[in-house]
Amino acid sequence: MMMKSEKGVVVATSGRLFEVRAEDGSHFKCEVRQKVKHIAVDTTPVAVGDDVLFTRTDDAHGAIDQVMERRTAFLRPSVGRETIMQILASNLDRLAAVVSIKSPPLKTSLIDRFLIAADMGSLEPLIVINKMDMKHPSDIEQIISAYRALGYDVIPVSALTGDGLDILREHLANHRTLFAGHSGVGKSTILNSLIPGLNLKTRSVSSHTNKGKHTTTNIKMFELPDGGFVVDSPGLKVMGLWEIDRENLPYYYRDFEPYYAKCRFHPCSHIHEPGCAVKAAVENGEIASFRYDNYVAIADTL
Ligand code: GDP
Ligand code: ZN
């Protein structure tokens with residue numbers, strides 16, 4: 001019997017097989033047809049988030065016949081071969097930078113890195129601050145208002161008490177969002193609260209080992225009850241900022257924009273030049289000093 005090709009979306013990778021969600025909501029473990037591998041133009045013939053045409057071979061298995069054109073691709077360097085880019089997930093439209101106010105402690109430099117990564121990947125950023133039930137660092141309100149003043153959506157939540165989760169749900173509905181955050185911030189706990197019956201394993205912060213370890217596996221896309229998907233990737237905790245030049249870094253700081261034309265030198269690194277309008281704006285409080293400090297720290301690593 002000839003089986004008909006149908007539409008699906010790749011929701012997970014597991015070794016050489018891909019899990020495809022059919023439009024009726026059922027899932028199939030699929031192999032990739034040889035011809036798909038041959039026509040692939042980059043290192044990732046099939047990625048989580050790809051819209052595909054596939055054929056069912058039985059009620060749990062199938063084969064991917066065609067990968068539709070990708071609207072967006074979120075890249076990162078291949079593990080062990082850092083010059084080769086790999087598609088972490090495709091067709092995403094939002095990036096949620098998930099951080100916690102405590103354990104692990106809030107680092108605005110990490111938020112900035114995620115915002116830059118979102119910008120580079122053309123994803124709309126969202127800042128999710130979890131564990132709001134814990135004792136607040138004294139500057140938390142200032143940090144939240146500084147990002148909001150720049151036009152970023154900031155959503156304080158507590159996965160533990162449920163506070164803020166309704167607002168988060170609204171922001172995620174009908175989007176495909178990448179959850180980016182260090183392990184231990186509560187991504188799994190948040191996902192478990194958003195998706196009844198999901199039951200992802202959560203781990204106590206102290207049991208998180210191998211903090212700096214690169215992991216490629218377990219990129220998975222979860223379907224939200226209100227529509228849309230969330231991609232959770234443990235590998236993202238080590239996401240660096242590749243392919244960004246020091247000279248371009250200032251353009252990722254939207255708060256610097258009104259000032260750089262007024263710097264005495266062009267180009268200006270805004271770090272050591274005299275007559276720098278960005279530094280002047282930091283000194284008179286028009287640019288949040290923590291943002292500027294993060295900029296200098298990130299520039300140092302490039
Ligand atoms: P992940 O690595 O980002 O997926 O983090 P987990 O979801 O595994 O959570 C790490 C730890 O933080 C677990 O012990 C959770 O119970 C705890 N946790 C998660 N969310 C909250 C929260 O909102 N408040 C508090 N106090 N603890 C939380
Ligand atoms: Zn300058």
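Order of appearance sets the numbers: ligands from 1, and atoms from 1 within every ligand.
- Between G186 and ligand 1, at least one N/O pair is under 3.5 Å apart.
- Listed by chain and number, the residues in a ring-ring contact (aromatic ring centres under 6.0 Å, His included) with Y147 are F290 (sequence neighbours excluded).
- Distances between N or O atoms of S188 and those of ligand 1 include at least one value under 3.5 Å.
- Heavy-atom contacts of K187 reach the following atoms of ligand 1: 1 (P), 3 (O), 4 (O), 5 (O), 7 (O) (cutoff under 4.0 Å).
- Contact annotation: G184 has at least one heavy atom less than 4.0 Å from an atom of ligand 1.
- Of the N or O atoms in T189, one or more lie within a sub-3.5 Å distance of an N or O in ligand 1.
- Tested against D51 for a salt bridge (charged side-chain N to carboxylate O under 4.0 Å, His left out), the candidates R70, R21, R71 yield a single pass: R71.
- At least one N or O atom of D133, backbone or side chain, sits closer than 3.5 Å to an N or O atom of ligand 1.
- Close approach to S183 involves these atoms of ligand 1, each under 4.0 Å from a residue heavy atom: 2 (O).
- With respect to K220 and D232, no salt bridge is recorded, no charged nitrogen being found less than 4.0 Å from a carboxylate O.
- No side-chain heavy atom of T177 sits under 4.5 Å from any side-chain heavy atom of F229.
- Here the rule is salt bridge (charged side-chain N to carboxylate O under 4.0 Å, His left out) with D65, and of K7, R33, K4 only R33 fits it.
- The shortest N or O to N or O distance between L160 and ligand 1 is under 3.5 Å.
- Applying the salt bridge (charged side-chain N to carboxylate O under 4.0 Å, His left out) test to every pair with at least one member in residues 249-261, sequence neighbours left out, gives these pairs: D255-R291.
- At least one donor-acceptor pair closer than 3.5 Å links the side chain of T44 to the backbone N or O of I87.
- Enclosure of atom CD in Q142 is not indicated, since only 12 or fewer non-hydrogen atoms of other residues, nucleotides or ligands lie within 6.0 angstrom.
- Residues passing the side chain to side chain contact (heavy atoms under 4.5 Å, CB included) test with A299 are R246, L249, I271, sequence neighbours excluded.
- Short contacts between ligand 1 and M134, defined as distances under 4.0 Å to a heavy atom of the residue, involve ligand atoms 26 (N).
- Around the Zn ion (ligand 2), the protein N, O or S atoms closer than 2.8 Å are C263 SG, C268 SG, H270 ND1, C276 SG, listed by chain and residue number.
- Taking the charged nitrogens against the carboxylate oxygens, E273 and R264 have no contact shorter than 4.0 Å, which rules out a salt bridge.
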